[in-house]
Each structure stands twice: as C-alpha cells, then as structure tokens.
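Structure, as structure tokens:
Source: prediction; values computed, not measured. The figures that follow rest on heavy atoms only: side chains count, while hydrogens, waters and symmetry mates do not.
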Amino acid sequence: MSSIDNRYTLREFVEQTQQRDRGEGFFEMESPRILEVNLNGNYVWSKMGSMISYLGNMKFEREGMLDKGLGGLFKKALTGEGARLTKVTGNGKVYLADYGKKIQILRLENQEIVVNANDVLAFEPTVTWDIKMMKRVSSMMAGGLFQMTLSGTGMVAITTHYEPLTLVVTPNQPVYTDPNATVAWSGTLSPNLKTDITFRSLLGRSSGESFQMEFIGNGFVVVQPYEEVYHSEG
C-alpha cells in the first residue's frame, strides 16, 4: 500500500472514520484508543478530562471532595488531577480517550484489581473503588504511585502506553518491576517497595536512589513499555 492510500475525498473519509454501533453493550471499543460508553439513564465513572465527545443529553459532575469522607479528602489533596473522577449521567453516547493511550476493557467477576490511578479511564457504577498510596513513597515520588483498588462485578477500562505485558507471579517466581512502568496487578498481591541505589546508575539513566516494586505470592502484574513520569502539584 502506497503512502497516498490515506488520502480520501470527504465522503470517503467520513465513511472510513465514522462512528459505528457494534452492539457490544455498555462499553464499546470504537477504536483501540477511543472508548464509547452507552448510557441509558444510568451513569459511569470516568477519568477527569477524558471526555472527547458525546451524543445525547449528558450531565458531568466532578466527584465531590467529601465523597470518600475525610480520608478521601486527604488522598485527593495528594493524588492530584490524575486520580480524580467525573460522574457522567444521561442518555446517549460518551467518548473517552487519554492522550492516545491504548485501552483495555477488563470484566471483573467478584474480583479485585489494583490499577495505577492515572491509568484508570472508566468503570461501571457496580464496581467499588478506593484510592490508596503505597507506604514509604510520600517523600520519594509525590504525585505517582497512587493506586485505585477496583472490586466487585462490572467492567473497567484501563489505559497503557503501547502494548501491555502481563507477568504471572507465583510463590517460586516473584516479579520485580519499575514503578513508572507498572500499570496494574491482581488484588491477591501486596507489593513491597525496594530501594536499589545502583540500579539506575548502572543503567546510566539517572543518579541517586531507585525504587523497584517486588511482587510475591499468586497473581499477575501488568507492565507497559514506557516509564510514566509523575509530577506533584503545588
């Protein structure tokens, strides 16, 4: 196929790129990087700022500062915009995306998954959520390493830079990951944060201390081929 094959008449362009109903239900992949949410008087939790378009009548509400109580207020002050949610209610279709990242739809069946808060795009209202911060990181990586625990039954849409890789963790095979490349892990795991002063300096990528996440037990870890750098606000 030559490079001129991506040139269209206006009619051809509309036909090639127009929205299509695939009958996939509440969550529908309009493209690998655009999620369509079909609302019929119900609502969805979405990452703040992820809406790119909608059809129909929609109401957008920022998650209340006290929705999770005083503990939630404290967490929200620390996590920054990346972990904040918008409640979208209405009838019609809403389209979500996050900086062109690839979208993965996961179906929880009375299960629990922990996801980097910045990588949660949307989830059904039947899914219970909470934001947590890994111990020992408040003074090291403020703005990053915040996780959203999602549990129950329902669909969850997460995002990754490029193609994700899932690693199986067993008692005989622990997994170690770069925190900035770690996207999610099963709720059966509770990672430890390890300090390795020489790890990055040996790789020639930066100086000073480096942190690795250590997963031991039974479960899985999802990583991406990209190190996401977080910046604290304020």
Side-chain angles (χ1 to χ4, degrees), residues 6 13 16-20 22 24 26-39 43-55 58 60-63 75-88 92-107 113-124 127 129 131-134 137 141-150 155-167 177-185 205-206 211 213 221-234:
N6 61 348
F13 178 76
Q16 287 288 326
T17 61
Q18 69 180 345
Q19 177 267 337
R20 291 176 173 82
R22 295 173 171 82
E24 296 174 358
F26 190 66
F27 279 2
E28 185 170 304
M29 293 297 298
E30 193 60 35
S31 81
R33 293 170 174 81
I34 299 177
L35 176 69
E36 176 185 287
V37 183
N38 293 292
L39 294 176
Y43 69 93
V44 65
W45 287 109
S46 66
K47 181 177 180 178
M48 182 175 290
S50 64
M51 188 278 292
I52 59 171
S53 183
Y54 67 89
L55 307 174
M58 297 292 169
F60 298 85
E61 298 175 275
R62 177 172 174 165
E63 179 215 350
K75 292 171 186 174
K76 190 177 304 301
L78 290 173
T79 54
E81 294 297 325
R84 300 197 179 180
L85 298 171
T86 298
K87 182 180 180 181
V88 187
K93 303 175 184 295
V94 60
Y95 296 92
L96 307 175
D98 189 20
Y99 293 97
K101 294 163 69 176
K102 293 204 70 173
I103 300 170
Q104 318 289 333
I105 298 177
L106 311 176
R107 183 183 295 277
I113 188 171
V114 184
V115 185
N116 185 318
N118 193 54
D119 298 323
V120 176
L121 180 64
F123 53 91
E124 288 192 89
V127 174
W129 64 279
I131 296 175
K132 296 181 180 179
M133 178 180 64
M134 283 193 67
V137 299
M141 297 182 69
L145 291 188
F146 287 87
Q147 291 83 41
M148 189 174 291
T149 301
L150 300 160
M155 286 185 290
V156 175
I158 68 173
T159 59
T160 62
H161 287 277
Y162 312 107
E163 298 291 343
L165 171 68
T166 299
L167 302 166
T177 66
D178 183 324
N180 296 103
T182 307
V183 176
W185 59 88
R205 301 174 78 168
S206 68
F211 309 102
M213 296 176 75
V221 182
V222 182
V223 294
Q224 62 185 2
Y226 182 93
E227 292 179 272
E228 201 155 9
V229 179
Y230 304 93
H231 303 282
S232 60
E233 298 182 350

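For Lys102, the side-chain hydrogen bond (donor to acceptor under 3.5 Å, both in side chains) partners are Glu163, not counting sequence neighbours. Taking Ser53 as the reference, Tyr95 meet the side chain to side chain contact (heavy atoms under 4.5 Å, CB included) condition, with sequence neighbours excluded. Residues satisfying the side chain to side chain contact (heavy atoms under 4.5 Å, CB included) test with Val221, not counting sequence neighbours, are Val169, Thr177, Thr182, Trp185, Leu189, Phe215, Val223. With sequence neighbours excluded, the residues satisfying side chain to side chain contact (heavy atoms under 4.5 Å, CB included) with Tyr162 are Pro225, Tyr226. Partners of Thr159 according to the side-chain hydrogen bond (donor to acceptor under 3.5 Å, both in side chains) rule, which considers only residues two or more places apart in sequence or in another chain, are Lys101.
One side chain, Glu228 or Asn118, offers a donor N or O that lies under 3.5 Å from an acceptor on the other.
Scanning all heavy atoms of the two residues, the minimum distance from Val94 to Met58 falls at N-CE, 4.3 Å.
Partner Val222 forms a side-chain contact (heavy atoms from CB on, under 4.5 Å) with one of Leu167, Val183, Leu106, Asp119 and no other, that one being Val183.
The shortest side-chain heavy-atom distance between Val120 and Gln147 does not fall under the 4.5 Å cut-off. Contact annotation: the side chain of Ile52 never approaches that of Leu96 to less than 4.5 Å [non-hydrogen atoms, C-beta and beyond]. Side-chain contact check for Lys93 versus Leu39: every heavy-atom pair is 4.5 Å or farther apart. Within the 4.5 Å cutoff, no side-chain heavy atoms of Val88 are placed close to those of Trp45.
In this structure, the side chain of Glu124 engages the main chain of Met155 through a donor-acceptor pair within 3.5 Å.
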